Amino acid sequence: MAKPSLPQGTRDFGPDVVRKRSYILNIIKSVFELYGFQPLETPAMENIETLMGKYGEEGDKLIFKILNNGLDNPEKEKQIREDFEKVLQGKNVKGITERALKYDLTIPFARYVAMNHSHLTFPFKRYQVQPVWRADRPQKGRYREFYQCDADVVGSNALLNEAELASIYHEVFSRLKLDGYELRINHRKILTALAKTCGGIDKMMDITIAIDKLDKIGIIKVKEELTQRGLTTEQVNIIEKYLNINGTNDEILNSLLEIIGKSEIGKKGIEQVSFVLANLQPQHLNLKLDPTLARGLNYYTGIIFEAKAPAEVKMGSIGGGGRYDDLTGLFGVPNIPGVGISFGVDRIYDVMEELNLFPPDVHIGTQVLFFNLGEAESTASFFLMQQLRQKGVRCELYHESAKFDKQFKYAEKKNIPFVIILGEKELKESTCNIKNLTTGMQQTIPTADLLKHQF
RNA sequence: GUGGUUAUAGCUCAGUUGGUUAGAGCAUCAGAUUGUGGUUCUGAGGGUCGCCGGUUCGAGCCCGGUUAGCCACCCCA
């Protein structure tokens, strides 16, 4: 028998890890609820045409496709061979694969809204916490199965939503003690205006992909890449001027007005960003306008967000989002605009682990361990334990009569803070010993008082 | 998908130009200790050297392939 193993890029989560993940997830979910979002879940798999073509050419390649069942049916052999020929040419054929694992939560949500818009109350605010799958090659902070936590508002053009979503980022990261995070915003229309002034709208993709790398590769390489992508020196110079914009949010807005303010679309983008910034206290939210922020997903049309891990951990993006004018239009229901954000829990986990930000009590599962010191003693302990459980105290009784040494070590390993020792002597006297393993302090109390004791 | 790099005990890692029986620390288990853990001491168990093949009298070490981790590119949370 071969050694068991996991598929590339997937992980098991042991008890400690699940507790820490839940700690993060619970904070995110409760903040979503605090802002009036409602939960939604969609299936792990979608019909493949729901997903294809929504994430750009690269995205399509990273979608996990599911092989149809029954391909070995001899009656269909001829058709299947023909279909498979098409697969070899890089096409998707229903006869071979008609379903795929979901790639993100936004598109399935758009599909849901398109299917249910007639009986949803708009604006519809939903949050969704589920795994997604990408056939990417794994590396640090990149997995093939990972969780996304999304909050979206659909059916509203109000920029108030953007302001609220920015506050959610702040609230969640503050509660996680992840100070030092950075939230950057930009506007697709600002990027569009830039593209229009140099190279034309069809160069938009080339320009955004290149300038998005500024942080990583520096201005010189970005210029090289722009030239390589077919921009003239004059156009590259405008972009360089754009990339050199710096200063406070207000200063950046002014510089942007200078470069692209003449274009209607650019002006509109700048206005919207100003509005959102004006309605928040950006300095308190680590909120920074960043004209170089691009984001790959091509359905964004308005303000875009990116949350970055504290600079010292080299993780990059731990969340992102933005506004999309017409996502449900892809599914035949036009004119439902939306805006949403996403948290990448797996990356947030890695960052928190690296910065040691989990609270120590995150590991406390069982609060009290009853020692097992014999038959009569354990029967009495069991009875007491059940009463404590009724009170909501998480307890367990050691599974067999054993030496003290063993039972103490069990409690230690499981991070159980209290043990209750009830032996022959205590049984006679109707008392029990409560020992706090953190402090080493021990007290003897009448069993009758145990239920009143605070753990 | 492309390139680089790593893989030895549960964990972290040594392992000489290829040479007899592959080591250490930590962890585990047992004992010192039949009602008080964390310290200490003694002892024990634990390995198909990731997997498959090749070169060689002989491979943990060299070569090829493969799987997985990590890193870079692409892209992204």
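Chain letters run A, B, ... following the sequence lines, proteins first and then strands; every chain starts at 1. As the structure is a computational prediction, the values presented were derived from the model and not from experiment.
Closest to the side chain of Asp405(A), out of G37(B), G35(B), C75(B), is G37(B). Listed candidates were G35(B), G37(B), C70(B). Nearest to the side chain of Lys435(A) is G37(B). Comparing G37(B), U36(B), A77(B) by their nearest atom to the side chain of Phe404(A) picks out U36(B). You'll find that the side chain of Gln148(A) is closest to A77(B), out of A77(B), U36(B), G69(B). When distances run from any side-chain atom of Glu58(A) to the nucleotides U36(B), A68(B), C75(B), the shortest one goes to C75(B). Considering only side-chain atoms of Lys406(A), the nucleotide from A30(B), C70(B), U36(B) that sits closest is A30(B).
Look at CG on Leu6(A): it is 12 Å from C1' on G69(B), rounded to the nearest Å. Rounded to whole Å, atom C1' of G37(B) lies 17 Å from atom CD1 of Ile420(A). Counting to the nearest Å, the P atom of C75(B) and the NZ atom of Lys54(A) are 21 Å from each other. Rounded to a whole Å, the CZ atom of Arg347(A) is 8 Å from the P atom of A77(B). Rounded to whole Å, the distance from NZ on Lys409(A) to P on A30(B) is 9 Å. In this structure, Gln442(A) places its CD atom 10 Å from C1' of G35(B), rounding to the nearest Å. Per the geometry, CG belonging to Asn433(A) stands 14 Å off P belonging to G37(B), to the nearest Å. Between the CG atom of Asp136(A) and the P atom of C70(B) there is a distance of 12 Å, rounded to whole Å.
Only one option out of Lys86(A), Glu82(A), Glu85(A) pairs with Val93(A) in a side chain to side chain contact (heavy atoms under 4.5 Å, CB included); it is Lys86(A).
Across all strands, Gly56(A) comes closer than 4.0 Å to no nucleic acid atom at all (heavy-atom distances). Using a 4.0 Å heavy-atom distance criterion, Gly319(A) is classed as a sugar-phosphate-only contact. Residue-level contact check: Leu373(A) touches neither bases nor backbone, having no heavy atom under 4.0 Å from any strand. Residue contacts for Tyr410(A): at a heavy-atom cut-off of 4.0 Å it reaches no nucleic acid atom on any strand shown. Backbone-only engagement by Gln8(A) is indicated by non-hydrogen atom pairs under 4.0 Å involving sugar-phosphate atoms exclusively. Nucleic acid contact class of Ile209(A) (heavy atoms, under 4.0 Å, all strands): sugar-phosphate only. When heavy atoms are screened at a 4.0 angstrom cut-off, Gly9(A) is found touching the sugar-phosphate backbone but no base atom. At the heavy-atom level, Lys425(A) lies under 4.0 Å from base atoms of the strands shown. Gly59(A) comes within 4.0 angstrom of no nucleic acid atom, judged by non-hydrogen atoms across all strands. Residue contacts shown for Lys403(A) are limited to sugar-phosphate atoms, with no base heavy atom under 4.0 Å away. Across all strands shown, Ser317(A) has heavy atoms under 4.0 Å from sugar-phosphate atoms exclusively, and none from any base.
The same atom, P, is picked in C13(B) and in G50(B); the two are 15 Å apart, to the nearest Å. Of the P atoms belonging to A27(B) and U66(B), the separation is 41 Å, rounded to the nearest Å. Straight-line distance between the P atoms of G35(B) and G31(B): roughly 13 Å, to the nearest whole Å. Taking atom C1' on both C62(B) and G18(B), the two are 8 Å apart, rounded to the nearest angstrom. When the P atom is used for both G25(B) and U40(B), the distance is 14 Å, rounded to whole Å. Comparing the P positions of A24(B) and A14(B) gives a spacing of 16 Å, expressed to the nearest Å. With P as the reference atom, U39(B) and C29(B) are 14 Å apart, rounded to whole Å. Comparing C51(B) with A68(B), their C1' atoms are spaced 10 Å from each other, to the whole Å.
Considering only side-chain N and O atoms, Gln407(A) lies nowhere under 4.0 angstrom from the phosphate OP1 or OP2 of U36(B). The shortest distance between the side-chain N/O atoms of Lys213(A) and the OP1/OP2 oxygens of C75(B) is below 4.0 Å.
Residue-to-nucleotide contacts include a donor-acceptor pair under 3.5 Å from the side chain of Arg137(A) to the base of G3(B). Counting atom types as modelled, Glu377(A) pairs no side-chain N or O with a base atom of G35(B) as donor and acceptor under 3.5 Å. A donor and an acceptor atom never sit less than 3.5 Å apart when one is taken from the side chain of Arg134(A) and the other from the base of C75(B).
With a cut-off of 3.5 Å on both pairing distances, G35(B) has no Watson-Crick or G-U wobble partner at all. In this structure U55(B) sits in no base pair that meets the Watson-Crick or G-U test at under 3.5 Å. Within the shown strands, C13(B) is the pairing partner of G23(B) under the Watson-Crick or G-U definition, both distances less than 3.5 Å. Under the Watson-Crick or G-U wobble criterion, with both distances below 3.5 Å, G46(B) has no partner in any strand shown.
For the 3.5 Å distance criterion, the side chains of Gln407(A) and His399(A) fail to qualify, holding no donor opposite an acceptor. With no hydrogens or angles considered, no side-chain donor-acceptor pair links Glu375(A) and Ser401(A) at under 3.5 Å.
Within the cation-pi definition used here (under 6.0 Å to the ring centroid, within 45° of the axis), Arg21(A) qualifies as a partner of Phe13(A). Note that Arg126(A) lies outside the cation-pi zone of Phe37(A), set by a 6.0 Å cut-off to the ring centre and a 45° limit from the axis. Phe146(A) does not carry Arg134(A) over the face of its six-membered ring by the limits of under 6.0 Å from the centre and within 45° of the normal.
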Residues Tyr410(A), Phe371(A); criterion ring pair (Phe, Tyr, Trp, His ring centres under 6.0 Å); working and verdict: CA-CA 10 Å; Tyr410(A) 177 81; Phe371(A) 271 22; 9.7 Å; no

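Distance alone, capped at 3.5 Å, is enough to place a donor-acceptor pair between the Thr301(A) side chain and the Asp325(A) backbone.
Side-chain contact check for Phe124(A) versus Asp152(A): every heavy-atom pair is 4.5 Å or farther apart.
If Tyr143(A) and Asn436(A) are placed on RNA chain B by their nearest nucleotide, the residue sitting closer to the 5' end is Asn436(A).
Put simply, Phe408(A) does not rest on the base of G38(B): the two rings are not both less than 5.5 Å apart at their centres and under 30° in tilt.
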